[in-house]
There are 2 protein chains.
Amino acid sequence: MVFVSSPMPPRPGRRSRITELPREPLSRERIVDAAMAIVDAGGLDALSMRSVALALGTGPASLYAHVASKEELLDLLIERVAVGLERPEPDAEHWQEQVKDMVRAIHYGLLAHRDLARASLANIPLGEGALTWSDRLIEILKLGGLPDQVVAYGVDLLPLYAVATAYEYALNAERMSSEEGERYIQEIREYFAALPPDRFPHVVALAGPLTAGGTEGERFEFGLDVLVAGLAAYGR
Amino acid sequence: MVFVSSPMPPRPGRRSRITELPREPLSRERIVDAAMAIVDAGGLDALSMRSVALALGTGPASLYAHVASKEELLDLLIERVAVGLERPEPDAEHWQEQVKDMVRAIHYGLLAHRDLARASLANIPLGEGALTWSDRLIEILKLGGLPDQVVAYGVDLLPLYAVATAYEYALNAERMSSEEGERYIQEIREYFAALPPDRFPHVVALAGPLTAGGTEGERFEFGLDVLVAGLAAYGR
DNA sequence: ACCTGAACACCGTTCAAGT
DNA sequence: ACCTGAACACCGTTCAAGT
């Protein structure tokens, strides 16, 4: 909360307007902080150059001295998430579980910021945080004895999966509160079950597993198993 | 092109304003046609309610009598693509190849319309076209002897892969013309190779395979192999 | 060098009014 | 019932002007 219209009178003693008036100057860091707070509070749709500027008590034009475009700002948000990801100490014995841990880290790291995953699908992450993460993943995949080309594909395929599933999940979460979520799933199940069986026999028959089919986490883990097992099959 | 300010005089003879003035009325169909043409010509960024209205010679407000929102219009575009997808005749002998064919169909079907895949990641497709497609995929996966729960996961996982890879590819394609594409890949490769090897040893070492690594099609096929083989492992 | 106000060229959607 | 003009409440970005 920012008190603009009715500020407290200056404190008695040394602190005068000198420390108050020239408020902290803008910086990339402060802009990213404010942007992340907005995403956390209202999702990616709430993020605009204007909303960031407002939160920082300035106008949108002022941001362009520190950030080239909204797209760059989104990149910086992704990079911020990447920097915070846990990276396991490589251990050939448990390389498959370590790969899974790294994929889980992006997936849940993104989900911690609402639908931020949407901004992550857009571009090859080339920031330092993303690159150190990639470097570690390559190292672990190599420990698994995979050929270079398989490693190269894997380092693309695994984060694609992590991000796409995070995006899919976040979109549904964004659309509905938790109770509405239950009802929505229920509605889809009923919709599937009520379809004309002569035209969609297999969808109708599978209405249960298609929708109930375990929690979201189980779904994610299933795909992760498939991918890691599939990659491992190329190992020595 | 629409001549509004200087219309031609009415042709001599029978054709009078009667057949000319009441131009074809709006309809969902015409709106979707116009929207798809805009996406094909300029990508998803060029699509707005206003650009569609302009193409139809009307104002944006007029569209809302036939389409609830821009989101619904996007759904209709996806459904239009889904209706046109090829569906193989189920054959237990070749179920894995048939699954691949269906995944390729969505992937390339979306890519035929620029970055339309972006609109497809957003929501569970519930249109008739999408459902008949799903029904056929379920049928084929069952022919492969997969347990119901694996089928249910697969019918989610496979289109997710098809769409996410189409989106990724289209974004890069959207950003650059074909020659620029080569140069861009080249630049990334050089960037990777020029990174400090003490901090990113594995990225630097793999700069070649990471970027060159075959055509986009090979990348896509690799992931498809991994997924289908991974699913098949759950079969009887 | 950094910041700002004002403007430009857009958005999706609503609504009262027309036919 | 279908369509429209005008308006509302927004966008990202630019640019001349200020300090």
Side-chain angles (χ1 to χ4, degrees), chain A residues 2 4 17-18 20-36 38-39 41-78 115-116 118-119 122-123 171 174-175, chain B residues 2 4-5 17-18 20-35 38-39 41-78 115-116 118-119 122-123 171 174-175:
Chain A
V2 187
V4 172
R17 286 168 312 176
I18 287 173
E20 239 177 319
L21 258 193
R23 56 169 188 272
E24 210 176 338
L26 284 179
S27 66
R28 285 182 147 233
E29 174 113 0
R30 287 192 67 220
I31 290 172
V32 174
D33 286 346
M36 193 67 96
I38 288 169
V39 171
L44 216 41
D45 280 340
L47 182 73
S48 71
M49 298 305 270
R50 288 173 141 89
S51 64
V52 173
L54 183 70
L56 293 169
T58 182
S62 302
L63 305 179
Y64 288 84
H66 302 90
V67 151
S69 62
K70 187 182 181 184
E71 207 188 306
E72 190 184 65
L73 177 54
L74 290 174
D75 281 352
L76 292 173
L77 288 172
I78 300 302
D115 54 351
L116 183 59
R118 193 167 89 207
N123 30 24
L171 269 181
E174 211 64 24
R175 266 201 265 271
Chain B
V2 187
V4 172
S5 47
R17 287 166 312 176
I18 287 174
E20 242 176 319
L21 260 193
R23 55 165 188 272
E24 210 177 339
L26 284 181
S27 67
R28 286 186 147 231
E29 174 112 1
R30 287 191 68 218
I31 290 172
V32 174
D33 285 346
I38 288 169
V39 171
L44 216 40
D45 280 340
L47 181 73
S48 70
M49 298 305 271
R50 287 172 142 88
S51 65
V52 173
L54 184 70
L56 294 169
T58 182
S62 302
L63 306 179
Y64 287 85
H66 302 90
V67 151
S69 63
K70 189 183 179 183
E71 207 187 306
E72 191 184 66
L73 178 54
L74 291 174
D75 281 352
L76 293 172
L77 288 173
I78 300 303
D115 54 351
L116 183 59
R118 194 166 89 209
N123 29 25
L171 269 181
E174 212 63 25
R175 266 202 264 271

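Chain identifiers are assigned alphabetically (A, B, ...) following the order of the sequence lines, protein sequences preceding nucleic acid strands; residue numbering begins at 1 within each chain.
A gap of 15 Å separates the C1' atoms of D/dA16 and C/dC2, to the nearest Å. Nucleotides D/dC8 and C/dC10, compared at atom C1', are 15 Å apart to the nearest Å. Between the P atoms of D/dA9 and C/dA9, the separation comes to 23 Å (whole Å).
Not one side-chain nitrogen or oxygen of B/T58 sits closer than 4.0 Å to the OP1 or OP2 atom of D/dC3.
A/I38 places its CD1 atom 10 Å from the P atom of D/dC11, with the value rounded to the nearest Å. When rounded to the nearest whole Å, the span between CE of A/M49 and C1' of C/dC10 equals 16 Å. When rounded to the nearest whole Å, the span between CG of B/D45 and C1' of D/dC11 equals 13 Å. What separates NE2 of A/H66 from P of D/dT13 is a distance of 16 Å, to the nearest Å. Remark: C1' of C/dC10 and CG of B/L54 are 13 Å apart, rounded to the nearest angstrom. When the P atom of D/dC2 is taken as reference, atom CD1 of B/I31 falls 12 Å away, rounded to whole Å. Rounded to whole Å, atom P of C/dT13 lies 10 Å from atom CG of B/L63. Atom CZ in B/R30 sits about 13 Å away from atom C1' in D/dC3, given to the nearest Å.
For B/P25, the listed nucleotide lying nearest its side chain is D/dC3; candidates were D/dC3, D/dG12, C/dC3.
In this structure, the side chain to side chain donor-acceptor pair (under 3.5 Å) partners of A/E72, at least two apart in sequence or on a different chain, are A/R28. Taking the side-chain contact (heavy atoms from CB on, under 4.5 Å) definition, one finds that B/D75 meets it with B/N123, sequence neighbours left out. Listed by chain and number, the residues in a side chain to side chain donor-acceptor pair (under 3.5 Å) with A/E29 amount to none (sequence neighbours excluded). Residues satisfying the side-chain contact (heavy atoms from CB on, under 4.5 Å) criterion with B/D45, sequence neighbours excluded, are B/R118. By the salt bridge (Lys or Arg N to Asp or Glu O under 4.0 Å) test, A/R50 is found to be paired with no residue, residues two or more places apart in sequence or in another chain being considered.
Across every non-hydrogen atom of B/P60 and B/A53, the tightest pair is N-CB, 3.4 Å.
Put simply, OG on A/S48 and CD1 on A/I38 are 7.0 Å apart, with the number rounded to the nearest 0.5 Å. Distance check, rounded to the nearest 0.5 Å: CG of A/L73 to CD1 of A/I78 gives 10.5 Å.
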Report, as a single string ordered 5' to 3', how protein heavy atoms within less than 4.0 Å touch nucleotides 14-19 of chain D: B base, S sugar-phosphate only, - not at all. BB----

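Non-hydrogen atoms lying under 4.0 Å from DNA chain C are contributed by nothing in residues 69-76 of chain A.
Residue pairs that meet the salt bridge (charged side-chain N to carboxylate O under 4.0 Å, His left out) test with at least one member in residues 53-70 of chain A, sequence neighbours left out, do not exist here. Counting only residues at least two apart or in different chains, salt bridge (charged side-chain N to carboxylate O under 4.0 Å, His left out) contacts with residues 51-64 of chain B are absent.
At the heavy-atom level, A/S48 lies under 4.0 Å from the strands shown only through sugar-phosphate atoms.
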With pairs defined as Watson-Crick or G-U wobble and both distances under 3.5 angstrom, please note down DNA chain C as a dot-bracket string, | for pairing with another strand. ||.|||||...|||||.||

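A heavy-atom distance below 4.5 Å is found between the side chains of B/L74 and B/L44. Considering only heavy atoms from C-beta on, B/L47 comes within 4.5 Å of B/L77 through its side chain.
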